[in-house]
Amino acid sequence: MILITGGSGHLSTLVAQKASVAGLHFATGSRHAAGGQHDIRRIDFDDPGSLDFSEVETLLLVSAGYAEDDVVIERHGAVIAAAERQSVRHIVYTSLTETGDHLGFALAHRWTERRLQQSRMAWTILRNGLYAELIGSLAVPVDGVIRAPFGSASISAVAREDLADAAVTVLADPASHAGAIYELAGTDAFTIADLARELDVDYLPESLTAARQRLTVPPLLPFQPAMLMSIYSASAAGFLQAAGSDLRRLTPDEPRNILQLAAAAARAVGQHPAGAR
């Protein structure tokens with residue numbers, strides 16, 4: 001059986017939907033699972049006693065990166081150790097592309113990759129690019145102007161749904177992908193100036209200092225401003241454009257239009273007052 005963690009998250013939900021269409025035998029794990037739910041296990045990375053991987057042969061470990069590095073490392077380490085004890089054969093891990101090494105959340109991903117490679121299990125690493133939907137949500141126009149300081153370089157963002165397709169390809173035949181590290185950046189790239197034209201607005205990037213001051217206002221959690229700032233600064237320095245991608249090797253269809261997805265996300269977030277932050 002396959003177990004997909006992060007059951008309530010956007011990526012995990014897409015993977016589960018596509019795994020169901022593909023006829024794969026799987027269950028999902030979620031910290032929000034309630035008793036009696038069919039094919040949903042309570043898997044809480046912060047509760048080691050909940051890490052039940054009985055009957056699981058392949059585990060899709062969707063990164064629990066929504067926290068400080070030490071918390072994420074502890075979570076991932078506990079999952080991998082529990083999987084080893086319970087004889088899970090193969091872990092597929094959603095990591096971060098090589099181009100993301102300058103981002104403020106890369107460290108926990110690289111630690112997890114190393115821990116997997118030192119484990120007794122087979123492993124596959126899916127180095128996912130930044131979601132096009134995320135870039136759009138960080139570049140929301142306010143009063144007809146995008147001010148987020150992404151700079152002028154291109155960004156190899158990727159559609160979340162394409163990453164779900166790639167994950168299902170691996171889950172359908174994990175043995176043939178054992179020991180593989182796939183770089184899953186977008187096959188195309190766009191600039192924020194391109195996004196501004198798509199949205200019919202102006203792009204006048206503010207300084208990193210101004211952005212940091214803006215991001216210090218709640219409701220952001222303490223660790224979030226630094227992570228978001230690292231996306232802005234890595235983009236402005238030209239480090240978010242990938243030299244290549246393995247995406248087409250793992251997806252059945254032509255990759256989705258990332259510029260349109262980013263624009264749709266920007267419009268959706270901009271409809272809410274908090275989205276204009």
Side-chain angles (χ1 to χ4, degrees), residues 2 4-6 9-19 22 24 58-66 72 76 90-103 105-114 116-117 122-138 153-190 227 230-231 234-235 238-262 265:
I2 298 164
I4 301 167
T5 70
H10 294 299
L11 179 61
S12 299
T13 298
L14 284 170
V15 173
Q17 291 170 350
K18 292 174 180 294
L24 303 184
T58 302
L59 174 66
L60 176 63
L61 173 54
V62 177
S63 172
Y66 195 71
V72 178
H76 290 180
H90 195 128
I91 289 186
V92 180
Y93 174 59
T94 63
S95 188
L96 178 69
T97 51
E98 186 177 20
T99 57
D101 273 348
H102 295 276
L103 296 174
F105 41 94
L107 185 149
H109 284 294
R110 299 298 177 246
W111 182 93
T112 305
E113 290 184 9
R114 184 179 63 186
L116 278 175
Q117 291 166 346
W123 51 267
T124 306
I125 294 169
L126 305 178
R127 285 184 168 174
N128 291 350
L130 294 181
Y131 302 148
E133 297 90 341
L134 171 63
I135 300 301
S137 72
L138 297 178
S154 294
I155 302 170
S156 299
V158 62
R160 187 185 284 115
E161 193 164 357
D162 286 338
L163 295 175
D165 284 333
V168 170
T169 295
V170 173
L171 293 175
D173 186 14
S176 68
H177 301 280
I181 299 177
Y182 293 112
E183 292 287 343
L184 301 179
T187 56
D188 295 315
F190 65 87
M227 289 186 172
S230 73
I231 295 176
S235 173
F239 284 108
L240 295 186
Q241 182 171 11
S245 175
D246 296 316
L247 191 64
R248 283 192 170 92
R249 294 176 57 186
L250 299 180
T251 52
D253 302 313
E254 189 69 14
R256 291 162 177 83
N257 188 307
I258 56 172
L259 181 58
Q260 291 180 3
L261 286 171

Query raised in the report: Taking Thr94 as the fixed residue, which of Ile125, Leu60, Leu61 is the one that meets the side-chain contact (heavy atoms from CB on, under 4.5 Å) rule?
Result: Leu60

Query - CG on Asp162 to OG1 on Thr251, rounded to 0.5 Å - result: 6.0 Å

Query - From CA spacing to verdict: side chain to side chain contact (heavy atoms under 4.5 Å, CB included), His90, Leu59 - result: CA-CA 6 Å; His90 195 128; Leu59 174 66; over 6 Å; no

Query raised in the report: CD of Glu98: more than 12 outside heavy atoms within 6.0 angstrom?
Result: no

**Report entry** Ser156 (side chain) donor-acceptor with Gln241 (main chain) under 3.5 angstrom
**Finding:** no

Query raised in the report: Are Ser230 and His102 close enough that a side-chain donor and a side-chain acceptor fall under 3.5 Å?
Result: no

Report task. Could you tell me which non-hydrogen atom of Gly238 sits nearest to which non-hydrogen atom of Ala153, and how far apart they are? Result -> CA-CB, 3.6 Å

Query raised in the report: Is it true that a side-chain atom of Arg110 and a backbone atom of Leu96 form a donor plus acceptor pair closer than 3.5 Å?
Result: yes

Report task. Classify the angle between the aromatic ring planes of Tyr93 and His109 as parallel (below 30°), tilted (30 to 60°) or perpendicular (above 60°). Result -> tilted

Query raised in the report: Under 3.5 Å, is there a donor-acceptor pair between the Glu183 and Ser245 side chains?
Result: no

Query - Polar contact flag, side-chain donor to acceptor under 3.5 angstrom, Tyr131-His10 - result: no

Requested in this report: Before accepting this row, confirm whether a basic side-chain N of the pair Asp246/Arg127 lies closer than 4.0 Å to the acidic partner's carboxylate O.
Outcome: no

Requested in this report: Please name all residues satisfying salt bridge (Lys or Arg N to Asp or Glu O under 4.0 Å) with Asp188, sequence neighbours left out, ordered by chain then number.
Outcome: none

Query raised in the report: Any donor-acceptor pair under 3.5 Å linking the side chain of Thr13 with the backbone of Gly9?
Result: yes

Requested in this report: Grab the two heavy atoms, one from Ala64 and one from Val72, that are nearest each other, plus how far apart they are.
Outcome: O-CG2, 3.3 Å

**Report entry** With sequence neighbours excluded, residues passing ring-ring contact (aromatic ring centres under 6.0 Å, His included) with His177
**Finding:** Tyr182

